[in-house]
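On a predicted model such as this, the values are computed, not experimentally measured, just so you know.
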There are 2 protein chains.
Amino acid sequence: MRSADLDRVRSLPLFGVMSDEAFKNVTGGAFLQKFPAGTTLLTEGDTVDFLYVLLDGSVELGASWNDKDTILAVLRPVSTFILAAVVLDADALMSAQTIERSDILMLSGEALRRAMREDAAFSVAVAQELSGCYRGLVRAIKNQKLRGGLERLANYLITQKIRQGGADTFSLPHEKRLLASVLGMTPENLSRAFASITDYGVVINGPQVTIARPSVLERLAKPDPLIDNHTPPSAAPTGKAQRERWPTDRNQRTGS
Amino acid sequence: MRSADLDRVRSLPLFGVMSDEAFKNVTGGAFLQKFPAGTTLLTEGDTVDFLYVLLDGSVELGASWNDKDTILAVLRPVSTFILAAVVLDADALMSAQTIERSDILMLSGEALRRAMREDAAFSVAVAQELSGCYRGLVRAIKNQKLRGGLERLANYLITQKIRQGGADTFSLPHEKRLLASVLGMTPENLSRAFASITDYGVVINGPQVTIARPSVLERLAKPDPLIDNHTPPSAAPTGKAQRERWPTDRNQRTGS
DNA sequence: CGGCGAATTGACGGACGTCAACTGCTGTGG
DNA sequence: CCACAGCAGTTGACGTCCGTCAATTCGCCG
């Protein structure tokens, strides 16, 4: 595995606090794999042997029941997933599938649990990462239970606008049928929601979205810092500066 | 504070692994308080200074947006809540309110974070607790996004039956309007759902529920171990036996 | 050119929220 | 002791949101 890839993993808040030696131990038995789009990495109910780290591409975390299925989160690099199952050595509650061609690093769960037991700073970092994941899910449930479909879409658009730099026009990062599942609706219903949201100063042109009258859209969306996380899931600077002090309020990442 | 109360806290998986000294440090500045029913302990957005431990009574975790509100979880003793916010020293994403008269222990967040840094075993226990909370929320989202109202009610009843010992008739632990909010519907709609579920061999008599034909109800509910957690949130035995080995698969507790 | 899948649109029905009226229980005060 | 207020729960009527089925268009790729 290339050392550049290892460096990217090292730059994650999770692994930044470890000693070089501990980091070597954890990544020693690890392997990097490239997967094509649409590959199922993990099916819900499977026992989990590895912690996954998405280095490149994108991955969806989903679940199904009774012939229905839904996407719980879409991950972008660099982020880890199924940490919770690894920590508890339990089976997966979600499936994981690549959306596009992806580079994924797989770390031994057993080695990771050992490292936690031996290195307090590392297990603190794990607890912080899990806390961030937990809070991401709290936001997701609030979004789901408190808002209607059109409101969820409106807030999604505002979040995307901010995450992509703040320009009034941007493009949707995923297929619309995928977005529909993330927002908890059917593709048909999302299509209608896009049509309706035209009335609130939004122009849709295929995957291109332009928010022509932001204030009007905001009056519909009523974005809330306690629900919407406008800071990107991994604003991971690669430098070492952040390694020196305790991060205090990363609240994002939904990827277990 | 009575030492019997401290013993109950000590018996939690979270605190069982600590040394006596570390436990004294964490509980040193702690205080136990009795709150009447309906007391708001914490409002979403507040900064969080304490880890809360519910010793007696019951507490609801809720959230609101745009004049709507919903209950995300109902806690019963003994369980901790808002751990994630304490770990990150961040503000609360949920409100907490007593449902009945409750005894609640409040532990200094700062002391807790210090204990994590100094004691690897403890921070591992925190990570495990958080993992359990995370998985509880994953179940909640799956329940919410994949099932309809009647299905959620059916599964709720089956879960209650099992948690209360398995007898065919049991009683609802909360007011129905509260249950409605937990299940993500209006009280009126829940009332109708109770009326409908009669067709599936369930008899409702005020707060008394009897599942007359379990197989019929199960065919409607299709309970799933990857969504429904039929083991109670805190099967905390008070003995020391469990303290000896690593717990391997506690998957419950939604209380942050 | 032909075919496949994503996306859109329309028609329809069911699930769910809202408003309102009514019941039954409980606690309070005359 | 009873009258009454207040609240949980239920029931009905109605409208809206949303899912389902089907037909059609569009773009992409073989």
By salt bridge (Lys or Arg N to Asp or Glu O under 4.0 Å), which residues pair with [X], not counting sequence neighbours?
X: A:Arg152; result: none
X: A:Lys145; result: none
X: B:Glu175; result: none

Collect all protein-nucleotide pairs involving nucleotides 13-16 of chain D in which both atoms are nitrogen or oxygen and the distance is under 3.5 Å.
unit_1: D:dA13; atom_1: N6; unit_2: B:Arg192; atom_2: NH2; d: 3.3

Exercise for the section: Could you name each residue pair satisfying salt bridge (charged side-chain N to carboxylate O under 4.0 Å, His left out) that touches residues 32-56 of chain A, not counting sequence neighbours? Expected result: A:Lys34-A:Asp103, A:Glu44-B:Lys142
Practice task
With sequence neighbours left out, write down each residue that passes side-chain contact (heavy atoms from CB on, under 4.5 Å) with A:Glu60, or none if nothing qualifies.
Solution key: A:Ile71, A:Gln97, A:Ile99, A:Leu178
Completion exercise
With sequence neighbours left out, the residues meeting side-chain contact (heavy atoms from CB on, under 4.5 Å) with B:Ile204 are B:Lys176, B:Phe194, B:Val202, B:Val209
Practice task
Go through the structure and list residues passing ring-ring contact (aromatic ring centres under 6.0 Å, His included) with A:Tyr200, not counting sequence neighbours.
Solution key: none
Practice task
Apply ring-ring contact (aromatic ring centres under 6.0 Å, His included) to B:Tyr156 and list each qualifying residue two or more places apart in sequence or on a separate chain.
Solution key: none
Which atom pairs link the protein and nucleotides 25-27 of chain D when you take only N or O atoms and keep those under 3.5 Å?
none

Practice task
Would you tell me whether A:Thr231 and A:Asn229 have side-chain atoms, one donor and one acceptor, within less than 3.5 Å of each other?
Solution key: yes
Considering only nitrogen or oxygen atoms on both sides, find all protein atoms under 3.5 Å from nucleotides 5-7 of chain C and state each distance.
unit_1: C:dA7; atom_1: OP1; unit_2: A:Lys176; atom_2: N; d: 2.9
unit_1: C:dA7; atom_1: OP2; unit_2: A:Arg177; atom_2: N; d: 3.0

Practice task
Using the side-chain hydrogen bond (donor to acceptor under 3.5 Å, both in side chains) rule, collect all pairs that involve residues 202-226 of chain B, keeping only residues at least two apart or in two chains.
Solution key: none
